[in-house]
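When reading the values below, keep in mind they use all heavy atoms of this one structure, side chains included, and skip hydrogens, waters and symmetry mates. Just so you know, residue 1 is the first one in the sequence shown, and it goes up from there.
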Amino acid sequence: MTETILSVDTFDVRFPTSRHRDGSDAMNPFPDYSAAYVVLRTTEGAEGHGLIFTVGRGTEIEVAAVRSLAEMVVGQPVAELVADPGALARRLIGDSQIRWLGPEKGVVHMAAGGLVNAVWDLAARRAGKPLWKLLADLTPEQIVAQIDFRYLRDALTEVEALELLRAASINRDAREQLLRREGYPAYTTTPGWLGYDDEKLARLCKEAVEDGYELIKLKVGGSLADDVRRMAIAREAVGPKMRIAVDANQIWGVPDAIGWMRELREFDPYWIEEPTSPDDVLGHAAVRKALAPIKVATGEHVHNAVMFKQLLQAGAVDVVQIDACRVGGVNENLAILLLAAKFGVPVCPHAGGVGLCELVQHLAMFDFVAVSGTTENRAIEYVDHLHEHFVHPVRISGGRYLAPTAPGMSAQIVAESLTAYRFPEGPEWAAE
């Protein structure tokens, strides 16, 4: 009998990170890192895992969105799904009635991405490969076939994408071996949460240097006086040569972003991340022009590939930050990686939230092997918490991500953690 998708199980999983201010920033002072967790089960007992990162309240809405889309997945032949996840992506994103709730943005778009990622996880498991390797082994033609170019052709055509991928195929095997030996550069936000006191900030900054990182990131935007004090502490702790990026998490309007960052210039910030609304393309361009040579980075809240296209066309960003869970899954991230390559802008993925490091490492490593061919001025964000809840957690050594070797996308949550942190019935929440 033909193997089909038997069920789509979805769980509301929340971790109480707000208790210690882990993840705290100017816009999100008390986040509880959470996920709408997705498990596809087949009639032959195979599984595919995906998740959509959230920060607490509202996770139940994301779970409901996944369940509303699940009927388009249940009953589908597994062989067809894993052979062409792009077909499923177009079906989920293009449903005429569900699309009205976006289109291609917000809760329903992220839900579609969670399901698409679960299919890619299933495909990689069936192939016996980590996702980065599965993607890197695809031909340029196969990769291009996974991307919807309808709204992108004014910036990137199928022919241009094929040319980029074919050019990157030169020395691809050598880059894969280098990746396996040395891993991929990481930067750390572990020291930088806004809720940490000065002693903890200084201690974690020094530890980051000792651990081999060449870039750290601090949250800013709560109080200018506090930001000046904290930047001075961090700069003294890491020395004059180490890069320090800052992240405002969208707290400012354009004039405030420019004025505030001019007050922090003396500490040599490497980039300002999310200086204003993620939808304000021209605002980002104005900030970039006013603050150069401080770089502008954004992406974790950018809705879709069309928004990335406009940011790149407008010369509004110096650093593209893809997110494994914000857009419509692996397929749309393939498009964004190719757009960034076309415009020559480095990609430094957003991660840190529960499961984000585990998922996005695969996309960055694929980019190095098969798209951009470089790690220059590139690093994947890393935060040292919640990895113990994953069956195949990220591995870090000497400030670098080590290439995953287990089949799949590294999204599977440990069964005991799923039981303990399910909301609201899990024992970690039942007493609240």
Take E176 and K133, measure what salt bridge (charged side-chain N to carboxylate O under 4.0 Å, His left out) needs, and give me the verdict at the end. CA-CA 9 Å; E176 179 179 328; K133 174 62 172 168; 3.0 Å; yes
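- The side-chain contact (heavy atoms from CB on, under 4.5 Å) test with W271 is passed by exactly one of I244, D247, L215: L215.
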Test E182 against L402 for side-chain contact (heavy atoms from CB on, under 4.5 Å), laying out the working first. CA-CA 7 Å; E182 299 184 3; L402 301 183; over 6 Å; no
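- The closest donor-acceptor contact from the side chain of R175 to the backbone of A168 lies under 3.5 Å.
- With hydrogens and angles left out, the side-chain atoms of H109 and E332 include a donor and acceptor closer than 3.5 Å.
- Ring centers of Y184 and Y401: at least 6.0 Å apart, outside the cut-off.
- With 3.5 Å as the limit, one finds a donor-acceptor pair spanning the side chains of D323 and H350.
- Counting only residues at least two apart or in different chains, side chain to side chain donor-acceptor pair (under 3.5 Å) contacts with residues 276-287 comprise D279-H303.
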Test side-chain contact (heavy atoms from CB on, under 4.5 Å) applied to F390 and L51, step by step: CA-CA 12 Å; F390 289 84; L51 58 85; 3.8 Å; yes
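- Remark: the backbone N or O of A111 is paired with a side-chain donor or acceptor of E62 at under 3.5 angstrom.
- Closest approach of A370 and A136 over heavy atoms only: CB-CA, 4.3 Å.
- In terms of heavy-atom proximity, D121 sits nearest to S410 at OD1-N, 4.1 Å.
- Counting non-hydrogen atoms of neighbouring residues, nucleotides and ligands closer than 6.0 angstrom, the CD atom of E425 exceeds 12 such neighbours.
- In this structure, F53 and Y33 have perpendicular ring planes: the angle between them is above 60°, well past the 30° mark.
- Listed for the N304 side chain is a donor-acceptor partner under 3.5 Å among the backbone atoms of V306.
- By the salt bridge (Lys or Arg N to Asp or Glu O under 4.0 Å) test, D318 is found to be paired with R288, residues two or more places apart in sequence or in another chain being considered.
- Looking at N249, its side chain never comes within 3.5 Å of a backbone N or O of A26 through a donor-acceptor pair.
- Each side chain to side chain donor-acceptor pair (under 3.5 Å) pair with one or both residues in residues 388-399, not counting sequence neighbours, appears once here: H389-S417.
- In summary, the side chains of E300 and Q321 do not present any donor paired with an acceptor at a separation below 3.5 Å, with no hydrogens or angles considered.
- Classified by interplanar angle (parallel below 30°, tilted 30° to 60°, perpendicular above 60°), the ring pair H387/Y382 is parallel.
- P31 approaches G23 most closely through the heavy-atom pair CG-O, 3.3 Å.
- Remark: side-chain polar atoms of R67 are paired, donor with acceptor, to backbone N or O of T10 under 3.5 angstrom.
- Although no hydrogens or angles enter the test, the distance criterion places no donor-acceptor pair under 3.5 Å between the side chain of D268 and the main chain of R243.
- Exactly one residue among V327, V281, T298, I336 makes a side-chain contact (heavy atoms from CB on, under 4.5 Å) with M307. That residue is V281.
- Although no hydrogens or angles enter the test, the distance criterion places a donor-acceptor pair under 3.5 Å between the side chain of E60 and the main chain of G58.
- Listed for the R230 side chain is no donor-acceptor partner under 3.5 Å among the backbone atoms of D198.
- Closest non-hydrogen pair, Q313 versus A155, comes out as NE2-CB, 3.6 Å.
- In terms of modelled atom types and a separation under 3.5 Å, the side chain of K105 and the main chain of P103 share a donor-acceptor contact.
- A salt bridge does not link K206 to E210: none of the charged nitrogens lies less than 4.0 Å from a carboxylate oxygen.
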Let me see the working for L122 and I5 under side-chain contact (heavy atoms from CB on, under 4.5 Å), right down to the final yes or no. CA-CA 11 Å; L122 177 61; I5 300 297; 4.1 Å; yes
Assess the residue pair V220 and W252 against the criterion (side-chain contact (heavy atoms from CB on, under 4.5 Å)); give the C-alpha distance rounded to whole Å, side-chain angles, the decisive distance to 0.1 Å, and a yes or no. CA-CA 10 Å; V220 295; W252 300 319; 3.9 Å; yes
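- Taking each heavy atom of A379 and P349 in turn, the nearest pair found is O-CD, 3.5 Å.
- Of all heavy-atom pairs spanning R125 and E47, the tightest one is CD-O, 3.2 Å.
- A cation-pi arrangement is found for R19 relative to W429, the charged atom lying closer than 6.0 Å to the ring centre and inside a 45° cone about the ring normal.
- Remark: the Y37 side chain and the D9 side chain contain no N/O donor-acceptor pair separated by less than 3.5 Å.
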